[in-house]
Trainee: 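Before I ask anything, let me first share the structure, which is written out below as structure tokens.
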Amino acid sequence: MKTTICEPAKETPVVGEYDVLVIGSGPAGVAAAISAGRHGAKTCIVEPCGSVGGVATSGLMSHWTGRTTGGIYEEILDRSMAAADHRTEIHTEKLKLVLLEMLEEARVDVRLYTLATAPVMEGDRITGVIIESKSGRQALLAKVVVDASGDGDIAARAGAEYTLGREGDGIMQPMTLMFRVAGVDYDRAIFPPSFETFIDVPAGEIQNLGREHLPAPAGHVLLYRSPYPGVVTCNMTNVINVDGTKAEDLTRAEITCRKQIPLIVEFLRKYAPGYENCWLINAADTIGVRETRHFKGLYTLTAEDIMEAKVFSDWIVTHAHFNFDIHNTKGAGLDANGVQKEFKQKNAYTIPYRCFIPEKIKGLLLCGRIISGTHKAHSNYRVMPICALMGQGVGIAAAFAAARNLEPRDVPVADIQAELTRENAGL
């Protein structure tokens, strides 16, 4: 059996040259691209799916989480909310369009159905990416590349150092395929929002019933209201011991979760008040991957930084607030180091610019859940509102670096902070 294939050398056409090139269109990537475009940078965003928004849209996420405020996050909420009383609930189709409109307004070139496969390197500097699509193998060049892909594939292939998962053993948080059920009686329905929410129903306590009757490693009950009448978003499928940087594991996770869905619907009909006549209407187009790579930046954010609500002198993210949302790496529920409903730290924290700058690779900025931080800190900052604020700061930094022909690490952070303050995202 052959173990390798020798491919002939070939020339790859350059189909675009930009100031800023953003990989991935989740909340972090979209915000980065919009922000860079608004600050005059010729910007392109590359996305493998057919819509922008990442987990917020293709991933069918139920709502924006945490007590995060300010900046582009508030703008996205204002423009995409279904109604005033549904401010943080996600109207998926409306959000897809709103984000596309915001990208268009910022004059960002959008490339959907396009996968970034490899970096273009000059020594230790990234100068662009190779893309693959129905149009073939092509290249995009840029002064600054922002990896907001969730897993950091381009950053890793460029040589940026990283660790996988939890310190010590590399185990990563479980994956989930979100889905929705319709036909729910909202007047009688239960909506447990966290692992630490315990609700008594006629047959017993709902979380205990989930552990007893749902297929392992599923077993928790998380149900969220939606902007649609009678529709509930379910965060209840679960798969452990999977690596989101491997297609084989992603495939296994998708199949596992798909098989769990009908059993979960059957459970809800039997045990959850108000769900007696519910039925599956749709599941996410892409599975939700919570954790993969943690890149080594100029500073590593820690759980202690978050608990102290630390204000860094080189902040570019402010008003960040969430809990330690660590899903159980061995099965259903909350990890021993996770704290959700009972999280006691009520103050927002900041994230320093150094966390977004890889230690060795030039021309590259990190954005989203792949920034430099510990496993526990990551469980807090990985959520979408905080990632959107990351994108705002990183987009400004990338635009400034491109305009001034500077390395991203050499952009004066005071200039980024002044612009963020002007945009209602400062201290």
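Position 1 is the first residue of the sequence, and the numbers go up from there.
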Trainee: Is the side chain of Thr421 donor-acceptor paired with the backbone N or O of Glu419 at a distance under 3.5 Å, no angle test?
Mentor: no
Trainee: Is there side-chain contact between Val110 and Glu47, with at least one heavy-atom pair below 4.5 Å?
Mentor: no
Trainee: So how far is it from Lys376 NZ to Ser379 OG, rounded to the nearest 0.5 Å?
Mentor: 7.5 Å
Trainee: For Asp151 and Thr245, which I'm curious about, is there any donor-acceptor pair between the side chains at under 3.5 Å?
Mentor: no
Trainee: Check whether the ring centres of Tyr186 and Phe191 lie less than 6.0 Å apart, and answer yes or no.
Mentor: yes
Trainee: So for atom NZ, which belongs to Lys296, do other residues, nucleotides or ligands contribute more than 12 heavy atoms lying within a distance under 6.0 Å?
Mentor: no
Trainee: Answer yes or no: is there a donor N or O on one side and an acceptor on the other, between the side chain of Tyr275 and the main chain of Ala189, under 3.5 Å?
Mentor: no
Trainee: Let me know which of His294, Arg166, Glu291 forms a side chain to side chain donor-acceptor pair (under 3.5 Å) with His375.
Mentor: Glu291
Trainee: So, His321 side chain and Gln345 main chain: donor-acceptor pair closer than 3.5 Å or not?
Mentor: yes
Trainee: Between Arg290 and Thr176, do the side chains contain an N or O donor and an N or O acceptor separated by less than 3.5 Å?
Mentor: yes
Trainee: Just so I know, are the side chains of Glu212 and Asn208 near enough to count as touching, which here means a heavy-atom distance under 4.5 Å?
Mentor: no
Trainee: Please check if the number of heavy atoms outside Glu105 that lie under 6.0 Å from its CD is greater than 12.
Mentor: yes
Trainee: Decide, yes or no, whether a salt bridge links Lys42 with Asp109 under the criterion of side-chain N to carboxylate O below 4.0 Å.
Mentor: no
Trainee: Which atom names give the shortest non-hydrogen contact between Ala253 and Val239, and what distance separates them?
Mentor: CB-CG1, 3.5 Å
Trainee: I'd like to check Met178 versus Val55 (side-chain heavy atoms, cut-off strictly below 4.5 Å). Are they in contact?
Mentor: no
Trainee: Do Leu334 and Asn328 have side-chain heavy atoms sitting under 4.5 Å apart?
Mentor: no
Trainee: Counting C-beta onward and ignoring hydrogens, is there a side-chain heavy-atom pair between Val411 and Ile396 closer than 4.5 Å?
Mentor: no
Trainee: For the residue pair Arg180 and Thr92, confirm or rule out a side-chain donor-acceptor distance under 3.5 Å.
Mentor: yes
Trainee: Is there a donor-acceptor contact under 3.5 Å linking the side chains of Tyr349 and Asn380?
Mentor: yes
Trainee: Whether the side chain of His319 engages the backbone of Gly426 through a donor-acceptor N/O pair (distance < 3.5 Å, no angle test) should be reported.
Mentor: yes
Trainee: Where do Val144 and Pro408 come nearest, in terms of heavy atoms and distance?
Mentor: CG1-CG, 4.2 Å
Trainee: Just by distance, do the side chain of Glu205 and the backbone of Ile199 share a donor-acceptor pair under 3.5 Å?
Mentor: yes
Trainee: Can you tell me if Thr57 uses its side chain to pair, donor with acceptor, with the backbone of Val52 under 3.5 Å?
Mentor: yes
Trainee: Can you measure from OG (Ser25) to CZ (Arg111) and round to the nearest 0.5 angstrom?
Mentor: 14.5 Å
Trainee: Could you tell me which non-hydrogen atom of Ser372 sits nearest to which non-hydrogen atom of Thr300, and how far apart they are?
Mentor: OG-OG1, 3.1 Å
Trainee: Report yes or no: does Ser135 contribute a side-chain atom to a donor-acceptor pair with the main-chain N or O of Ser133 at less than 3.5 Å?
Mentor: no
Trainee: Any heavy-atom pair between the side chains of Ile370 and Tyr162 that's under 4.5 Å?
Mentor: no
Trainee: Nearest 0.5 Å, please: how far is CE in Met102 from CD1 in Ile72?
Mentor: 4.5 Å
Trainee: Please determine whether a side-chain nitrogen of the Lys or Arg among Arg38 and Glu75 lies less than 4.0 Å from a carboxylate oxygen of the Asp or Glu.
Mentor: yes
Trainee: List the steps and the verdict of side chain to side chain contact (heavy atoms under 4.5 Å, CB included) for Gln173 and Asp335.
Mentor: CA-CA 9 Å; Gln173 288 201 52; Asp335 184 84; over 6 Å; no
Trainee: Would you please test Phe179 and Val265 for side chain to side chain contact (heavy atoms under 4.5 Å, CB included) and show each step?
Mentor: CA-CA 10 Å; Phe179 67 95; Val265 173; 4.0 Å; yes
Trainee: Decide, yes or no, whether a salt bridge links Glu254 with Arg258 under the criterion of side-chain N to carboxylate O below 4.0 Å.
Mentor: yes
Trainee: About how many Å separate CD1 of Ile23 and SG of Cys44, when rounded to the nearest 0.5 Å?
Mentor: 7.5 Å
Trainee: Taking 4.0 angstrom as the limit, do Arg137 and Glu132 come out as a salt bridge?
Mentor: yes
Trainee: Can you give me the closest heavy-atom contact between Val221 and Pro192, atom names plus distance?
Mentor: O-CG, 3.4 Å
Trainee: Take Phe295 and Glu359, measure what side chain to side chain contact (heavy atoms under 4.5 Å, CB included) needs, and give me the verdict at the end.
Mentor: CA-CA 9 Å; Phe295 282 88; Glu359 193 172 56; over 6 Å; no
Trainee: Mind checking whether Tyr18 and Val145 have side chains closer than 4.5 Å, heavy atoms only?
Mentor: no
Trainee: Taking the six-membered ring for Trp, are Phe267 and His213 parallel (under 30°), tilted (30 to 60°) or perpendicular (over 60°)?
Mentor: tilted
Trainee: Any luck finding a side-chain donor-acceptor pair between Ser58 and Ser51 under 3.5 Å?
Mentor: yes
Trainee: Inspect the contact between Lys270 and Glu266 and indicate whether a charged nitrogen and a carboxylate oxygen are less than 4.0 angstrom apart.
Mentor: no
Trainee: Report the C-alpha separation of Glu89 and Met81 in whole Å, then their side-chain angles, then the decisive distance to 0.1 Å, and conclude whether the side chain to side chain contact (heavy atoms under 4.5 Å, CB included) test is met.
Mentor: CA-CA 7 Å; Glu89 292 171 9; Met81 63 183 179; over 6 Å; no
Trainee: Would you check if the side chain of Glu276 reaches a backbone N or O of Gly274 as a donor-acceptor pair within less than 3.5 Å?
Mentor: yes
Trainee: Can you give me the closest heavy-atom contact between Ala116 and Ile131, atom names plus distance?
Mentor: CA-CG2, 4.2 Å
Trainee: Just how far is it from atom CG of Asp147 to atom CG of Leu364, taken to the nearest 0.5 Å?
Mentor: 6.5 Å
Trainee: Quick check: does any side chain N or O of Lys310 sit under 3.5 Å from a backbone N or O of Thr350, one acting as donor and the other as acceptor?
Mentor: no
Trainee: Taking NZ, NE, NH1 and NH2 as the nitrogens, is one of them in Glu74 or Arg87 under 4.0 Å from a carboxylate oxygen of the other?
Mentor: yes
Trainee: Heavy atoms only: give me the nearest Leu427-Trp315 pair and the separation to one decimal.
Mentor: CD1-NE1, 3.1 Å
Trainee: With a 4.5 Å limit on heavy-atom distance, are the side chains of Ile76 and Leu99 in contact?
Mentor: yes
Trainee: Check for a donor-acceptor pair, side chain of Ser35 on one end and backbone N or O of Gln392 on the other, with a separation under 3.5 Å.
Mentor: yes
Trainee: Nearest 0.5 angstrom please: Ile316 CD1 to Gln417 CD, how far?
Mentor: 9.0 Å
